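All values derive from a computational prediction rather than experimental measurement.
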Amino acid sequence: RDACKPHLVYGEEYFGDVPTSMFTAFRWMLGDFGTRGGKSLVIAMSQGYGWKFDTMFVMWMIIVTLGIFNIIVAIFVDSTTTGLKTNDTKRKYARQYERKYVKTKLKELVSRVLVVLQEH
């Protein structure tokens, strides 16, 4: 009974103050659950705190995973939408230029035909 419980020791080391807790939470978001000695923090906390820790940990991982996935999807959708708008604008200007070009060339052709017809 005199031995220190691992979850209390790790709790003090990795969650002893706010900055350290924030850094540990950040590491967990990235999937780094290890201690400096290479042992699993999650297992130590789970064995020490039981189902309460397990529940909070699972909820945390679901929120982080879905949140990051949501951000990635939002960036992809935004980029795709912006790209499509840009392409539509380019096509619109290309069609306008093509119409003007064809109209100009037709006028030139008609003018040449009229000149040839008047010469004969």
Q: Can you see which heavy atom on Gly34 is nearest to which on Leu41, and at what distance?
A: O-CD1, 4.2 Å

Q: Once side-chain contact (heavy atoms from CB on, under 4.5 Å) is applied, do any residues pair with Glu13, and if so which ones, sequence neighbours excluded?
A: Tyr10, Arg36

Q: Could you tabulate the donor-acceptor pairs under 3.5 Å formed by side-chain atoms of residues 50-78, not counting sequence neighbours?
A:
{"residue": "Asp54", "atom": "OD1", "partner": "Ser46", "partner atom": "OG", "Å": "2.6"}
{"residue": "Asp54", "atom": "OD2", "partner": "Ser46", "partner atom": "OG", "Å": "3.3"}
{"residue": "Thr55", "atom": "OG1", "partner": "Trp51", "partner atom": "O", "Å": "2.8"}
{"residue": "Thr65", "atom": "OG1", "partner": "Met61", "partner atom": "O", "Å": "2.7"}

Q: Take atom CG in Leu8; do more than 12 heavy atoms of anything else shown fall under 6.0 Å from it?
A: yes

Q: Measure the OG1-NZ distance between Thr81 and Lys85 for me, rounded to the nearest 0.5 Å.
A: 6.5 Å

Q: Quick check on the hydrophobic clustering: are Val18 and Tyr14 connected, directly or via other members, by side-chain heavy-atom contacts under 4.5 Å?
A: no

Q: Report, one line per pair, each donor and acceptor closer than 3.5 Å where one atom sits in a side chain of residues 96-112; sequence neighbours left out.
A:
{"residue": "Thr104", "atom": "OG1", "partner": "Lys100", "partner atom": "O", "Å": "2.8"}
{"residue": "Ser111", "atom": "OG", "partner": "Lys107", "partner atom": "O", "Å": "2.9"}

Q: Residues two or more places apart in sequence or in another chain: which of them pass ring pair (Phe, Tyr, Trp, His ring centres under 6.0 Å) with Tyr49?
A: His7

Q: Using 4.0 Å as the upper bound for N to carboxylate O, is an ion pair formed by Arg91 and Asp88?
A: yes

Q: Kindly state each residue pair satisfying side-chain hydrogen bond (donor to acceptor under 3.5 Å, both in side chains) with at least one member in residues 18-32, sequence neighbours excluded.
A: Asp17-Thr20, Arg27-Asp32

Q: Restricting to side-chain hydrogen bond (donor to acceptor under 3.5 Å, both in side chains), what partner residues turn up for Asn87, sequence neighbours left out?
A: none

Q: Please tell me whether Met22 and Met45 are part of a single hydrophobic cluster in this structure, the criterion being side-chain heavy atoms less than 4.5 Å apart.
A: no

